[in-house]
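One structure is given below, encoded as structure tokens.
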Amino acid sequence: RDRVIRVTFNADVHSSIQWNFKPQQSEIYVVPGETALAFYKAKNPTDKPVIGISTYNVIPFEAGQYFNKIQCFCFEEQRLNPQEEVDMPVFFYIDPEFVEDPKMAKVDLITLSYTFFEAKEGQKLPLPGYQ
């Protein structure tokens, strides 16, 4: 219960999309088992609507199995109209079993990183896991 984890946030965009995309907070502190809410901001500075889709990763990689997103903009495509700016929430928690894993004993920092790509008509990104 007294274990506090610092979660930092990163945002990138692929060259296929011209959005401005950034986390609204650089870090938050969470206790495993408690929910947390973070926000990213995205803006479409172009003069046409753009649909984006994001991928994410968790660093260190081994901590990813304990990082659970309850609600996330990354679960679906995001459509932004010309000049539109939106706040995008991520509601998450770190599984309490994190503190029981000896491999996580020295982990006190987790980075959640997103990359946005432009979604092309008919294009599907591979889902994580086995197909």
Side-chain angles (χ1 to χ4, degrees):
R1 285 199 184 277
D2 55 357
R3 181 107 178 255
V4 177
I5 308 298
R6 181 167 63 119
V7 179
T8 61
F9 302 91
N10 181 61
D12 294 301
V13 291
H14 186 265
S15 60
S16 66
I17 196 167
Q18 295 178 19
W19 286 3
N20 300 322
F21 177 55
K22 64 183 181 185
Q24 291 194 27
Q25 63 290 300
S26 59
E27 64 186 26
I28 60 174
Y29 292 86
V30 299
V31 174
E34 293 182 0
T35 56
L37 182 62
F39 288 90
Y40 282 76
K41 185 177 289 290
K43 180 176 184 181
N44 174 8
T46 71
D47 58 0
K48 65 180 176 74
V50 176
I51 297 173
I53 190 163
S54 64
T55 61
Y56 72 93
N57 63 44
V58 174
I59 298 170
F61 175 76
E62 298 79 15
Q65 65 183 319
Y66 299 106
F67 200 97
N68 295 289
K69 292 188 292 310
I70 299 165
Q71 186 177 6
C72 180
F73 61 86
C74 62
F75 292 163
E76 53 196 37
E77 294 178 341
Q78 302 294 319
R79 182 183 199 274
L80 290 172
N81 289 316
Q83 305 301 318
E84 183 179 12
E85 184 173 69
V86 295
D87 294 331
M88 294 193 267
V90 182
F91 190 44
F92 69 93
Y93 69 96
I94 297 172
D95 192 304
E97 290 185 16
F98 175 90
V99 298
E100 309 298 326
D101 187 338
K103 295 188 300 282
M104 298 295 110
K106 295 189 185 317
V107 175
D108 59 0
L109 169 64
I110 295 175
T111 300
L112 178 62
S113 182
Y114 288 96
T115 302
F116 255 104
F117 299 83
E118 184 169 358
K120 304 291 187 193
E121 193 70 38
Q123 176 187 28
K124 297 287 184 204
L125 290 177
L127 295 173
Y130 298 102
Q131 297 295 319

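The aromatic rings of Phe98 and Tyr66 sit perpendicular to each other, their planes meeting at more than 60°, with 30° as the lower class boundary. Taking the six-membered ring where the residue is Trp, Tyr40 and Phe9 present perpendicular rings, their angle passing 60° and hence far from 30°.
At most 12 non-hydrogen atoms from other residues, nucleotides or ligands lie less than 6.0 angstrom from CD of Gln18. Within a 6.0 Å sphere centred on CD of Glu97, other residues, nucleotides and ligands contribute 12 heavy atoms or fewer.
Ala42 and Leu80 get closest at one heavy-atom pair: CB-CD1, 4.0 Å. Between Val99 and Arg3, the closest heavy-atom pair is CA-NH1, 3.8 Å. Of all the heavy atoms in Gln83 and Lys43, the pair that sits closest is O-CE, 3.7 Å. In plain terms, the two heavy atoms of Ile70 and Phe75 that are nearest each other are O-CE1, 3.6 Å. Taking both residues in full, the closest heavy atoms of Ile17 and Gly52 are given as CD1-CA, 4.0 Å, listed atom of the first, atom of the second, then distance. The minimum heavy-atom distance between Glu62 and Gln65, with the atom names listed, is O-NE2, 3.4 Å.
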Checklist entry - Going through the distances and angles, do Glu118 and His14 end up as a side chain to side chain contact (heavy atoms under 4.5 Å, CB included)? => result CA-CA 8 Å; Glu118 184 169 358; His14 186 265; over 6 Å; no

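Taken from CZ in Phe116 to CH2 in Trp19, the straight-line distance is 5.0 Å, to the nearest 0.5 Å. Atom CG in Asn81 sits 12.0 Å away from atom NZ in Lys48 (nearest 0.5 Å). The structure places OG1 of Thr115 at 12.5 Å from CD1 of Ile53, a figure rounded to the nearest 0.5 Å. In this structure, CG in Asn44 is found 11.0 Å from CD1 in Ile51, a value given to the nearest 0.5 Å. Taking CD1 from Ile110 and CZ from Phe67, the interatomic distance works out to 6.5 Å, rounded to the nearest 0.5 Å. Distance check, rounded to the nearest 0.5 Å: NZ of Lys22 to CG of Asp12 gives 14.5 Å.
Judged purely by distance below 3.5 Å, without hydrogens or angles, the side chains of Thr111 and Thr8 pair a donor atom with an acceptor atom.
When hydrophobic clusters are built by joining Ile, Leu, Val, Met, Phe, Trp and Tyr residues whose side-chain heavy atoms come closer than 4.5 Å, directly or via intermediates, Tyr56 is grouped together with Ile28. Note on Tyr93 and Val7: separate hydrophobic clusters, where clusters join Ile, Leu, Val, Met, Phe, Trp and Tyr whose side-chain heavy atoms are under 4.5 Å apart, directly or indirectly.
Of the possible donor and acceptor atoms, one in the side chain of Gln78 sits under 3.5 Å from a partner among the backbone N and O of Phe73. In this structure a side-chain-to-backbone donor-acceptor pair under 3.5 Å is missing from Asn57 to Phe61. Side chain of Gln25 to main chain of Phe39: a donor-acceptor pair is present (N/O by atom type, distance under 3.5 Å, no hydrogens or angles).
Contact check for Gln24 versus Asp87: side-chain heavy atoms found under the 4.5 Å cut-off.
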